[in-house]
Number of protein chains: 2
Amino acid sequence: MNELSTEDRIKQAAKALFQEKGYSGTRTRDIAERSGINLALLNYYFRSKQKLFELVMLETIQQFFGTLPQYLNNPETSLDEKIQLLSRRYIDFLKTEPDLPLFILSEIRHNASGLIEKMNLNEVVFKSVLAKQYAEAMGRTEVDTKEIYMLIINPLSLIIFPFVARPMVMALTGLDQNGFDQMMEQRKTLIPIWNRNMLNSDLNTTSSNTTI
Amino acid sequence: MNELSTEDRIKQAAKALFQEKGYSGTRTRDIAERSGINLALLNYYFRSKQKLFELVMLETIQQFFGTLPQYLNNPETSLDEKIQLLSRRYIDFLKTEPDLPLFILSEIRHNASGLIEKMNLNEVVFKSVLAKQYAEAMGRTEVDTKEIYMLIINPLSLIIFPFVARPMVMALTGLDQNGFDQMMEQRKTLIPIWNRNMLNSDLNTTSSNTTI
DNA sequence: GTCTATATTTAGATAGAC
DNA sequence: GTCTATCTAAATATAGAC
């Protein structure tokens, strides 16, 4: 069945524990125990806790951001379809890995600063097909960079934040794990709709009168 | 000038370091050093690192959530004004304490689970004036609880997430600290507008055709 | 490659003088 | 209340046998 090499078993156990307890909260002994191997082997393969962590972290970041460019750069899909796809795929993914965002965000701050810079997401976003399509939709060739931030930060906020704040959201709403998942399922279709409306409302700087 | 008692100096230093490095990443020696006192005194006043942490954490949670009820329950303000006020005040607050949300979210998960439950935010939200005003606006006496979640989770997502993901957002956008603050300043007025439109779009379940 | 045993370092907590 | 010195425990890392 699970014919993983020793090296991979250690990496897998490390990934789980680092995510659960963070870098400093994780003991190498626990990683060894969960891998079903001895502590000495961990150092044999990875030299140190720090090195092991960096490896795991790099893979995790790539797992998280690796798919982003392909969503943003598909010339076959419209601007709106891109947001739909982004919502669906990221929510599906995060339902299987709900602790990933909080892990990445807090460990980047504490133990892996610099990793994000190296990926230069900046270019990835601004040179994307998404950015071009936005400019076209607005009827301009050049678009204020600030508008592009919103275009990407707002959907990501609405997708990721509930996972980051899951314990808080569950306490706030009284939902159990199942109810939480259902809520996120609904958001797959709601977020793109909201996003369209947010973009439209930015067009009419006249902040518009509404029913509520 | 800064005539704090020794006890308060320790607490203040602890707060700063716990926020910066998390519970397990913080050494009591560092807290002592930053307080300008000796390690032994820390234990004299607070008995243990754990006890000191719990105290600091409790105060931090109250600082963060303590103001929420007064925003949600003011009978003088409309639904929309409540969201406006919430956005303005929380963004102002978070500009002075940008690391607070990530700290709370990650430490609650690791070292302070149960603290949130004790505050039963659930009741605070559902019995709020805000919830009543929402029901009225919808022309109903009873409203599906799911709608209330959205009413509160969405603005909070849009307000808090950029702070939680600040390193990522700054890398993504290329903004410096100053530019980031300006972006958040703009969001004070944008978020309430977006929120109005999100609520309206939920009314027409016909997901509506729009310009983009 | 894998283990047991051990060295080394680090960090929390306390004893006891002042 | 505050300090120096020290104890104790925990956790990382390595030596050396198999």
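For clarity, every value in this text was computed on a predicted model and none was experimentally measured. What you see below is based on every heavy atom in this structure, not just the backbone, and it leaves out hydrogens, waters and symmetry mates. Chain letters run A, B, ... following the sequence lines, proteins first and then strands; every chain starts at 1.
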Protein-nucleotide distance (A:Phe46, atom CZ; C:dT2, atom P), rounded to Å: 12 Å

Among D:dC3, D:dA11, C:dT4, find the nucleotide with the atom closest to the side chain of A:Asn38. C:dT4

When you match B:Tyr45 and B:Arg29 each to their closest nucleotide on DNA chain D, which lands nearer the 5' end? B:Tyr45

Of the options A:Phe64, A:Phe93, A:Phe180, which is the one that meets A:Phe163 in a ring pair (Phe, Tyr, Trp, His ring centres under 6.0 Å)? A:Phe180

Minimum heavy-atom separation for A:Tyr90 and A:Phe65, please, with both atom names. OH-CA, 4.1 Å

Just how far, in rounded Å, is C1' of C:dA11 from CG of B:Asn43? 11 Å

Can you identify which nucleotide, out of C:dT4, D:dA10, C:dA13, has its nearest atom closest to the B:Ser48 side chain? C:dA13

Rounded to whole angstroms, how far apart are CD1 on A:Ile37 and C1' on D:dA13? 14 Å

Which of these passes side-chain hydrogen bond (donor to acceptor under 3.5 Å, both in side chains) with B:Tyr23: B:His110, B:Gln50, B:Glu107? B:Gln50

Hey, does B:Ser5 reach any base, or is it just sugar-phosphate, or nothing, if we go heavy atoms under 4.0 Å? nothing

Taking D:dA13, D:dT2, D:dA15 as options, the one with an atom nearest any side-chain atom of A:Ala40 is D:dA15

Between P of C:dA13 and CD1 of B:Ile10, the distance in whole Å: 13 Å

What is the distance, rounded to the nearest whole Å, between atom CG of B:Leu17 and atom C1' of C:dG12? 16 Å

B:Leu41 side chain: which of C:dG1, D:dC3, D:dA13 is closest? D:dC3

Given D:dT2, D:dT4, C:dG12, which nucleotide is nearest the side-chain atoms of B:Tyr44? D:dT2

When you measure from the side-chain N and O atoms of B:Thr28 to the phosphate of C:dG12, is any distance below 4.0 Å, counting only OP1 and OP2? yes

Send over the distance from B:Phe53 CZ to C:dA11 P, rounded to a whole Å. 18 Å

Distance only, no hydrogens: is a donor on one side chain within 3.5 Å (strictly under) of an acceptor on the other, for A:Gln133 and A:Lys82? yes

Under 4.0 Å from OP1 or OP2 of C:dT2: is there any side-chain N or O of A:Thr6 that close? yes

Between C1' of C:dC3 and CG of A:Leu42, the distance in whole Å: 14 Å

Counting only heavy atoms not in B:Lys95, do more than 12 fall under 6.0 Å of its NZ? yes

Between CG of A:Leu39 and C1' of D:dT14 the distance, given in whole Å, is 10 Å

